[in-house]
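Data first, discussion second: the structure below is written as structure tokens.
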Amino acid sequence: MSVPYNHKVIEKKWQKIWDDNKAFAATDDYSKPKYYALVEFPYPSGQGLHVGHPRPYTALDIVARKRRMQGYNVLYPMGWDAFGLPTENYAIKNKIHPKIVTANNVKRFKEQLHSLGYSFDWDREVNTTDPEYYKWTQWIFLKLFNAGLAYKTEMPINWCTSCKVGLANEEVVNGVCERCGSPVVRKVKSQWMLKITDYAEKLLEGLNDVDYIERVKVSQKNWIGKSQGAEVDFAIAGKEDKLTVYTTRPDTLFGATYMVVSPEHPMLEKYKDEIKNLDAVHEYQEQAARKSDFERSELAKEKTGVQIDGIRAVNPVNGKEIPIWVSDYVLMSYGTGAIMAVPAHDTRDWEFAKKFNMPIIEVVAGGANVQEEAFTDVATGKMVNSGFLDGLEVADAKKKIIEWLEEKKLGTGKTNYKLRDWVFSRQRYWGEPIPIVHCDKCGYVALPESELPLELPDVESYMPTDNGESPLAAMTDWVNTTCPCCGGPAKRETDTMPQWAGSSWYFLRYTDPHNTEALASPEALNYWLPVDWYNGGMEHTTLHLLYSRFWHKFLYDNKVVPCPEPYQKRTSHGMILGENGEKMSKSRGNVVNPDDIVNDYGADTLRTYEMFIGAFDLSASWSENGVKGCRRFLERVWKLQDILVEGDGFSSDMETKMHQTIKKVSNDFENLKYNTAIAALMTLLNDFAKKGSITKGEYRAFLLLLNPVAPHITEEIWNTCGYEGYVYQQPWPEYDEAKTVENTIEIAVQINGKTRGVVALPVDADKETALAKAKEVVADKLTGTIIKEIYVPKKIINIVQK
RNA sequence: GCCGCUGUGGCGGAAUUGGCAGACGCACUUGACUCAAAAUCAAGCGGGUAACACCGUGCCGGUUCGAGUCCGGCCAGCGGCACCA
């Protein structure tokens, strides 16, 4: 009898052996085939590891371990995305330096990850808050700055009333700050911006060359939001001036019955002397300014606006004068901040027109009555009431009107992107200092590369100042410096970078993490890039993923990296919810601590359970009973030792099953189907248990297949049973396709599409034989006239009778 | 409002992509072992019927010899959002 399965002893033992052997270190032998598996590095929060973390880490650990067994030089690294607000807020509250808070959190995370037996190469650990790391974050920023892609501008930004920081639009969730939940208002501030919009087209096109799951591609595309339309100039009546709009539907120009400008539009200031109802306009502007973008969209159902009295526009196609309105459903940040309204063919314009009694003119026929609802379909319908466009299809009308506008110099075809530039400043302490000084004479000047890293100085207080300046602003010794350009007095930038900065290039650093001369050597980058498989949360598909692709493409254009896309393959995992199906949170009281599971059941059980819990890309609810089931499975795997018999190969009655299982598990590990891979191993285990014996050859293959999921127990059994070396050094088991095929197969016999029996047939049975046998089986049910016989080999027999 | 995802037993979920719906696990029931319990092992387990029949993959239609899977129209839940002209 085998000794009882003691996970505590076994797991510690093997973790030590792996560490001592440096079993999972990626080598710098660039002659071997490489595989770079990457998971999003965590933010080391004070709460410690969440049971959600191990899900993606285990999945790619399986891939990494399998690849090593297949002979690849594997890079599977881990690090810390450690700048950020929670750490800073904790530091403020407890008056501890964020550096210390971070170090403590990292230590805890590392111990927890270690206890799970991941095959990370810990020699390549990176930390975004390490000056040796953020030196290169700053270096990339300088490159961007020198290329004209970083600029400072006065613009309305999202302002968190509590954190007192500007937030990227992307960081505002439901009108409140993503980090602290306080209301966000609009405030004008001078901000560093990164011109991601210059890369909109490249970011879009690059998606054609990568293997991302479809959902992620769609999100990226929608976020970039390319549209093709036209800019059209509307003359302002009685003035030598024009109002330019962007429209995706220039074909509907004849149906434009009014115009709308956003409350921030400069024409309102320019023509203030002509506007007779200036007070009403001003009041509307103020109301709009008080609303967040979220509120402006929340109130969408009820359109608001003020007609500008005193200024009118002229529709260029027919010379008709039309009114101009101001309304907050038009945003200054998209297009030109002004639109032509075509209520018959745009839903929002239609709602607005109905509320304010504006005329609705149909210019595309083919829909319902446009007085009742807007007709927005562009695929069907023909132009009407549109002069020289009448009778054309929408697409043709679009082309023709653009030609006409360009010929008359009234407008031009234009491609627009929804994507906006990236607000890159934070008025915060715990972030990378921006390596720029401001000199009255020279303007914004980049620090010379030799002065990097520009380290964060120690300050008294980490609190942002009330006027919204970073805590660094109070450090006059640090702020006052000399201009690298002219040597005169200058002031350092006191804003810091957003958390996204460090995570936009960390995967490059892993390839050569200790390099002091460059962010990584060209050889290392050339060998390891691109990342072969990157897995991360769905919540990062528009922010982090797009930002890091942008930086990578910029670095590619500057010949720093060897490939245009950073990630060859991107997958996403689903969330792990509490037992009650709700998001795990302290307030709901449904948080599960992975330490408890590791302690009570073992890391192998936790790993197995997280992979077995359900489809990898969907969210799944935690179940303690499910954990127990996986522990039971491992116990039974352990007890196979008691029925082990001699024999290096597979016994004849198990041969097909063995080859089938090797095939299924191998394929499932590649296709995010970890749950069914484990189910297949459970089925195989049941077969051996029922049979009462397993050969050494069969057990060997079984242990190899299970090893990536449950590495500790499999190494221990391997060792106890006297197999050679370590499991992690063995080649991945191979299957013989020919031996996965059964000689005879049971297929269903249907009558009129309903299963009436089952017949065993040789796999290659011809139709006659198959039908003859089938008819024997269902003879008593064949009572009518047979009108059709269907035989699909290996699938089905269906006899249709009347 | 728009976009994306998801609806299958008591529960988590399978179904080689149009071919025996419910693999595998959990829970439960019964039996064996035990003084007993736990653990373990064995059997059963969608509804329905004495047994068949029959009914069953959110709802309503359609295509097909055959639909969880494809098409059209809905409904519900979850997530995201920048009223994007």
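For clarity, every value in this text was computed on a predicted model and none was experimentally measured.
In this structure a side-chain-to-backbone donor-acceptor pair under 3.5 Å is present from Asn752(A) to Gln801(A). Under a 3.5 Å cut-off, the side chain of Glu231(A) and the backbone N or O of Tyr246(A) do not form any donor-acceptor pair.
Counting heavy atoms from C-beta on, the side chains of Val627(A) and Thr605(A) come closer than 4.5 Å. For the pair Ile786(A)/Val800(A), no side-chain contact is recorded, criterion being any heavy-atom separation below 4.5 Å from C-beta on. Contact check for Thr744(A) versus Leu761(A): no side-chain heavy atoms found under the 4.5 Å cut-off.
Of the listed nucleotides (rC83(B), rC24(B), rC26(B)), rC26(B) has the atom at the smallest distance from the side chain of Asn625(A). Nearest nucleotide to the side chain of Lys795(A), out of rC84(B), rC83(B), rG19(B): rG19(B). For Leu331(A), the side-chain atoms get nearest to rC83(B) when compared with the rest of rA27(B), rC83(B), rA85(B). In the set rC24(B), rC84(B), rG19(B), the nucleotide with an atom closest to the side chain of Asn686(A) is rC24(B).
Of the residues in residues 248-259 of chain A, Thr248(A), Arg249(A) come within less than 4.0 Å of RNA chain B through at least one heavy atom, sorted by number. Across residues 612-622 of chain A, Phe612(A), Ile613(A), Ala615(A), Leu618(A), Ser619(A) each have a non-hydrogen atom less than 4.0 Å from an atom of RNA chain B (numbered order).
In this structure, CD of Glu742(A) is placed 17 Å from P of rU16(B), rounded to the nearest angstrom. The nearest whole Å value for the distance from the CD1 atom in Ile678(A) to the P atom in rC26(B) is 13 Å. rG13(B) atom P lies 11 Å from atom CD1 of Ile576(A), rounded to whole Å. Atoms CZ (Arg215(A)) and P (rG79(B)) sit 14 Å apart, rounded to a whole Å. Phe633(A) has its CZ atom 20 Å from the P atom of rG13(B), to the nearest Å. To the nearest angstrom, P of rC2(B) lies 13 Å from NZ of Lys418(A). Between the CG atom of Leu761(A) and the C1' atom of rC20(B) there is a distance of 14 Å, rounded to whole Å.
rG62(B) and rA50(B) have their C1' atoms separated by 40 Å, with the value rounded to a whole Å. Nucleotides rG58(B) and rG66(B) place their C1' atoms 23 Å apart, quoted to the nearest Å. Rounded to a whole angstrom, the distance from the P atom of rG61(B) to that of rG56(B) is 12 Å. Taking atom C1' on both nucleotides, rC26(B) is separated from rG9(B) by 13 Å, rounded to a whole Å. Distance noted for atom C1' between rA14(B) and rC65(B): 26 Å (whole Å). Spacing of C1' atoms, rC83(B) relative to rG13(B), comes out at 40 Å, to the nearest Å. For the C1' atom pair drawn from rG19(B) and rC70(B), the interatomic distance equals 14 Å after rounding to whole Å. Only the C1' atoms considered, rA23(B) is 12 Å distant from rU16(B), to the nearest whole Å.
Side-chain N/O atoms of Asn675(A) include one lying less than 4.0 angstrom from OP1 or OP2 on rA14(B). Considering only side-chain N and O atoms, Ser227(A) lies under 4.0 angstrom from the phosphate OP1 or OP2 of rA85(B). The side chain of Lys673(A) contributes an N or O atom lying less than 4.0 Å from OP1 or OP2 of rA15(B).
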Pairing string of RNA chain B (Watson-Crick or G-U wobble, both atom distances under 3.5 Å; | = paired to other strand) is (((((((..(((......[....))).(((((.......))))).((......))..(((((..]....))))))))))))....
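Environment of CD in Glu737(A): crowded, with over 12 heavy atoms of neighbouring residues, nucleotides or ligands closer than 6.0 Å. For Lys775(A), the NZ atom counts as densely surrounded, since its 6.0 Å shell holds more than 12 non-hydrogen atoms of other residues, nucleotides or ligands. With a 6.0 Å radius and a threshold of 12 heavy atoms from other residues, nucleotides or ligands, Lys794(A) has its NZ atom at or below the threshold.
A donor and an acceptor atom, one from each side chain of Glu768(A) and Tyr791(A), are nowhere located under 3.5 Å apart. Defined by atom type and a distance below 3.5 Å, a donor-acceptor pair is missing between the side-chain atoms of Tyr609(A) and Asp604(A). Using modelled atom types, one finds a donor on one side chain and an acceptor on the other under 3.5 Å when comparing Gln660(A) with Glu742(A). Between Ser227(A) and Asn416(A), the side chains place no donor N or O within less than 3.5 Å of an acceptor N or O (distance only, hydrogens not considered).
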In B/S/- notation (B base, S sugar-phosphate only, - none; protein heavy atoms under 4.0 Å), nucleotides 60-67 of chain B written 5' to 3' is -----BS-
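With its glycosidic angle within 90° of 0, rU17(B) is assigned syn. In this structure, rG80(B) shows a glycosidic angle more than 90 degrees from zero, which is the anti conformation.
Not counting sequence neighbours, His50(A) has no partner by the side chain to side chain donor-acceptor pair (under 3.5 Å) test. Residues satisfying the side chain to side chain donor-acceptor pair (under 3.5 Å) test with Lys664(A), not counting sequence neighbours, are Asp668(A). Applying the side chain to side chain donor-acceptor pair (under 3.5 Å) test to Gln220(A) and every residue at least two apart in sequence or in another chain returns Arg549(A).
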Listing time: all N or O pairs from protein to nucleotides 41-45 of chain B that are below 3.5 Å?
residue, atom, partner, partner atom, Å
rC41(B), OP1, Arg636(A), NE, 3.3

Between protein and nucleotides 54-58 of chain B, what N or O pairs are separated by less than 3.5 Å?
residue, atom, partner, partner atom, Å
rC54(B), OP1, Arg756(A), NH2, 3.2
rC55(B), OP2, Lys754(A), NZ, 3.1

Please tabulate, for side-chain N and O atoms in residues 571-578 of chain A, each donor-acceptor pair with protein atoms closer than 3.5 Å (sequence neighbours left out).
residue, atom, partner, partner atom, Å
Thr571(A), OG1, Trp533(A), NE1, 2.9
Thr571(A), OG1, Asn535(A), OD1, 2.6
Ser572(A), OG, Gly536(A), O, 3.1
His573(A), ND1, Asn535(A), ND2, 2.9

Could you list the donor-acceptor pairs under 3.5 angstrom formed between side-chain atoms of residues 610-621 of chain A and any protein atom two or more places apart in sequence or on another chain?
residue, atom, partner, partner atom, Å
Glu610(A), OE1, Arg55(A), N, 3.1

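Applying the salt bridge (charged side-chain N to carboxylate O under 4.0 Å, His left out) definition to pairs two or more places apart or across chains, none involves residues 744-766 of chain A.
Ion pairing between Asp687(A) and Lys657(A) holds under the 4.0 Å rule for side-chain N and carboxylate O. Classification of Asp251(A) and Lys398(A) as a salt-bridged pair fails, no side-chain N sitting under 4.0 Å from a carboxylate O.
In this structure, Gly629(A) reaches the sugar-phosphate backbone alone: every heavy-atom distance under 4.0 Å involves primed, P, OP1 or OP2 atoms, never a base. Residue contacts shown for Glu635(A) are absent, as no nucleic acid heavy atom lies under 4.0 Å away.
Nearest-nucleotide assignment on RNA chain B puts the 5′-proximal partner with Ala748(A), out of Ala748(A) and Asp349(A).
Remark: aromatic rings of Phe424(A) and Trp500(A) are distant, center separation not under 6.0 Å.
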